Amino acid sequence: MLCNDEMRKGILSRLKGYRYPHSLGVERAARWLAERYGGDVDKACAAAILHDITKHLSPQEQLNLCEKYGIIPCAVEKKEAKMLHGKTAAAIARTEYGMPEDVCAAIACHTTGRAGMTVLDKILYLADYIEETRDFSGVDKARELAQHSMDRALLYCYDQTLTDLVARGKSIHSDTIAAYNDLIWQGIHWRDE
């Protein structure tokens with residue numbers, strides 16, 4: 001077991017405000033997705049409770065952790081420092097909790113996605129999007145798609161995220177574009193569902 005009860009309690013005690021119920025919701029969704037799509041339940045649950053462990057930190061604190069752990073932010077991450085919480089949480093998971101590299105990799109890309117995502121990467125990204133406390137336009141469609149295909153649900157999530165970022169005039173991380181393109185090039189689609 002990657003997270004014994006004592007470790008799990010310690011991790012959860014570090015989560016502030018909404019992050020606590022959100023992370024428990026992500027854990028439940030990750031367990032469900034892992035069971036449904038053949039993922040490692042233990043790794044999915046560990047990644048889920050650790051994924052936002054640094055989200056509460058200020059942009060400067062995120063950048064300080066980047067310096068400490070040798071993380072080199074890209075231009076988008078420098079402008080939108082909250083995006084760094086995936087990479088800084090992965091560093092904490094690795095160094096403070098001894099998580100295996102695939103768990104850390106899933107945590108690192110849970111905000112942006114990436115091309116060539118593993119099953120664990122997909123589980124965490126999707127669980128973070130569809131967990132039960134989420135309440136925004138489009139989440140029900142993502143949950144519905146997740147019942148039948150993780151890849152179709154992911155593509156829908158990227159589609160919605162990209163549309164929202166463009167509408168709000170925000171920068172788009174190159175990993176998100178790469179993740180979207182990767183699924184399109186695999187012939188994945190969701191609009192016929």
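The shown structure was predicted, so the numbers you read here are calculated from the model rather than taken from an experiment.
- Under a 3.5 Å cut-off, the side chain of H173 and the backbone N or O of D175 do form a donor-acceptor pair.
- For the atom pair CE of M150 and CG of L155, the computed distance is 13.5 Å after rounding to the nearest 0.5 Å.
- Environment of CG in N4: crowded, with over 12 heavy atoms of neighbouring residues, nucleotides or ligands closer than 6.0 Å.
- Remark: R114 does not engage D182 in a salt bridge, criterion side-chain N to carboxylate O under 4.0 Å.
- Checked by atom type and distance alone, the side chain of Y37 pairs as donor or acceptor with a backbone atom of S149 at under 3.5 Å.
- Between the side chain of R94 and the backbone N or O of C104 there is no donor-acceptor pair closer than 3.5 Å.
- A donor and an acceptor atom, one from each side chain of Y18 and T133, are located under 3.5 Å apart.
- Between the side chains of D164 and T161, not a single donor N or O lies within less than 3.5 Å of an accepting N or O.
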**Request:** Please test S58 against Q60 for side chain to side chain donor-acceptor pair (under 3.5 Å), starting from the C-alpha separation and ending with a verdict.
**Result:** CA-CA 5 Å; S58 71; Q60 187 56 56; over 6 Å; no
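- Closest heavy-atom contact between T163 and D159: OG1-O, 2.8 Å.
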**Request:** Run the numbers on C157 and Y125 for side-chain contact (heavy atoms from CB on, under 4.5 Å), then give the verdict.
**Result:** CA-CA 9 Å; C157 295; Y125 186 97; 4.0 Å; yes
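- Residues Y156 and R191 are not in side-chain contact: their nearest non-hydrogen atoms beyond the backbone lie 4.5 Å or more apart.
- Using a cutoff of 4.0 Å between basic side-chain nitrogens and carboxylate oxygens, R143 and D140 are scored as salt-bridged.
- By the 6.0 Å contact criterion, NZ on K170 is open, its count of non-hydrogen atoms from other residues, nucleotides or ligands being 12 or less.
- In this structure, E67 places its CD atom where only 12 or fewer heavy-atom neighbours from other residues, nucleotides or ligands lie under 6.0 Å away.
- Remark: side-chain polar atoms of T88 are paired, donor with acceptor, to backbone N or O of L84 under 3.5 angstrom.
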